[in-house]
2 protein chains.
Amino acid sequence: MTDHAKQTEASAGEPIVLIVDDDPSMRRALTNLFQSVGLKVQAFSSAAEIMEAKPPAVPSCLVLDIRLPGSSGLDLQADLAKANIHTPIIFITGHGDIPMTVRAMKSGAVDFLTKPVRDQDMLDAVQAAIERDRKRRDAEKSISGVRSRFEGLTARERDVLALVASGLMNKQVAAELGLAEITVKIYRGQIMRKMGAKSLADLVRMTDALGIPRNRGHLQT
Amino acid sequence: MTDHAKQTEASAGEPIVLIVDDDPSMRRALTNLFQSVGLKVQAFSSAAEIMEAKPPAVPSCLVLDIRLPGSSGLDLQADLAKANIHTPIIFITGHGDIPMTVRAMKSGAVDFLTKPVRDQDMLDAVQAAIERDRKRRDAEKSISGVRSRFEGLTARERDVLALVASGLMNKQVAAELGLAEITVKIYRGQIMRKMGAKSLADLVRMTDALGIPRNRGHLQT
DNA sequence: CTACGGCACAAACCTACGTATAGCTCGCAC
DNA sequence: GTGCGAGCTATACGTAGGTTTGTGCCGTAG
C-alpha cells in the first residue's frame, strides 16, 4: 500500500501549519522550523489576510501572535469561531498577561507560548493541535454523509424516523401519526435504504449523531 | 411544591464552595463573599486537609490559591484528577505566570483569576463552575443506574448484548458465539428485563453510554 | 447431599417486522 | 392534460423477534 493510499483512507494527507505574524523575521524562523520537520507552511502577515484565504481542507493549525496590526489575535480567534472555522490555534506572545491567556484558553486555544519560544515546545504544540484537528475532521466527515442522506428523506419519512428511533413499535408510530401500520412499515423500509442503515441499531446511532430529538424512550435512573 | 422537592428532582440542592488557602484573611474574605450571595462554604488551609475530607455529594467547586504550603495548587489538581474527583477548580494567584496558567487550564480549570480579585469576577466564575458541576453530576447520575444494571448481567448476557447492540440478528449472534438461535433469544429477553430497556433503541443508547465496543455496525461515509 | 444459579437447548406459539404487488389521491411541472 | 412523485392504504407472505414451559449439565455454596 502506498503512502498516498494510507493518507486518503485516514483524513487527507499533508497537514499544513498556518502562521500569522506581522514580524517577517518571526515568520521566517517559524517557517524554517516547521519545514525542518517536514510540515507544510503558509504564512500571513495580518488577520485580514488569512480571513480572505479559504480554509484549508487538510488537518491544520494556526500559529498566531496575540499582538497583531489591526485586530488582536483574540479577535481573530472570535472571528474564526463565528465563521464556523475550527482550526486549532496556538498563541505566541511577547508580553501577554494572565487574563488574556485565560480568555484564549477558554475560547478553545490549544496552547499559549511565551517568547522566546523553545523550538521543541512549539513543535509539540503543533503536533498536538494537528492531531486534534485530524480527529475533528474525521468525526465531521463521518456524520456529513449521514446528514446529507437525511436531507434526502421526505418530511413524512423524517417523522417516522424520529419515532422509530425513539423505540416505538410500528403500530405506535402509526397511531401517533394517524397512519396505518402498513404505511409506517413501508416508510421504514425506505428510510433504511435511503440512510444506508443495515440495522435498527445503525439507525438509532445515526439519529443520535444528527441530534434528532426523541419523543419517547429515555435512559431513566 | 417545596423548595426541597424542587432541588432533589434536579441534582441535589445547596451547592457548596470549597476554599483552599493558607492565608486566614483570604479565607475569611472569600467565605464572606460567597455567603453574602447565599452559597454554602467550607474552607481549608492546605491541600492535605481537603484531600482527607470526603468529596461533596452536591454540586460544588473549588477555589484554590495556586501557591500553597507543601504541594502547589497544580499538584492538588493533579491529585484530585488521579483520585477521580472532578470538582471544577478556580485558581487564584498573586504572581502566577503564563505557563502555569496554561497548564492549569489544559488540565481542566474553569478559570484563573489574578489578585486582587474583583468580587464580581469571582462570583461569575463560581457560578459557571457550579453549573458545570451540576451538569456533570446529572450526566453521571443518568448513567450510573445503567452501569449498575449492566454489572448485574452474567458474562454470557454481556456477550450477547454487545453483538445485539451492534445490530446483528439473533441468528448471527448465535453463529458468532456458537449458540442456538433460541438461546440468544432467551438471553436477549433477560437482558431487556435486567437493563430495564423498553426497546432495542433504548438498549443501543445504553450500550453507547457505557462505551461498550461494537463488533460490527459502523456509521460509514 | 441438596439447593441454586449460570449456561444451553427444544417445541410451540404469538407478535412484530419487512417486502412485493397493486391501487388510490393530490399537487406540481411540462 | 399527462406524467411524476409524495403520500397513503390493502392483501398476502415470509422472516425475525420474543415468551412460555420444560429439560439437562455443571460448579459451587451451604
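Naming: A, B, ... by sequence-line order, numbering from 1 per chain. Reckoned from all heavy atoms, side chains included, excluding hydrogens, waters and symmetry mates.
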[X] side-chain N/O to [N] phosphate OP1/OP2 under 4.0 Å:
{"X": "B/Asn170", "N": "D/dG17", "result": "yes"}
{"X": "A/Thr154", "N": "D/dA6", "result": "no"}
{"X": "B/Arg156", "N": "C/dC7", "result": "no"}

[options]: which one has an atom nearest the side-chain heavy atoms of [X]?
{"X": "B/Ile186", "options": "D/dT19, D/dG18, D/dA12", "answer": "D/dT19"}
{"X": "A/Met169", "options": "D/dT9, C/dA8, C/dC17", "answer": "C/dC17"}
{"X": "A/Glu181", "options": "C/dC17, C/dT19, D/dG18", "answer": "C/dC17"}
{"X": "A/Thr183", "options": "C/dC7, D/dG7, D/dC8", "answer": "D/dC8"}
{"X": "B/Lys171", "options": "D/dA16, D/dC8, C/dT21", "answer": "D/dA16"}

Whole angstrom is fine here: how far is it from CZ in B/Arg193 over to P in C/dG6?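 Taking atom P of C/dG6 as the reference, CZ of B/Arg193 is at 11 Å.
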Please report the distance, rounded to the nearest Å, between NZ in A/Lys185 and P in C/dA16.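 Spelled out: NZ on A/Lys185 to P on C/dA16 is 9 Å.
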Between A/Asp133 and A/Arg137, does at least one N-O distance fall below 4.0 Å, as a salt bridge requires?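 Here A/Asp133 pairs with A/Arg137 in a salt bridge, since their nearest N and O are under 4.0 Å apart.
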List DNA chain C stems (3 or more consecutive Watson-Crick/G-U pairs, under 3.5 Å)?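 For DNA chain C the paired stretches long enough to count as stems (3 pairs minimum) are C:1-30 with D:1-30.
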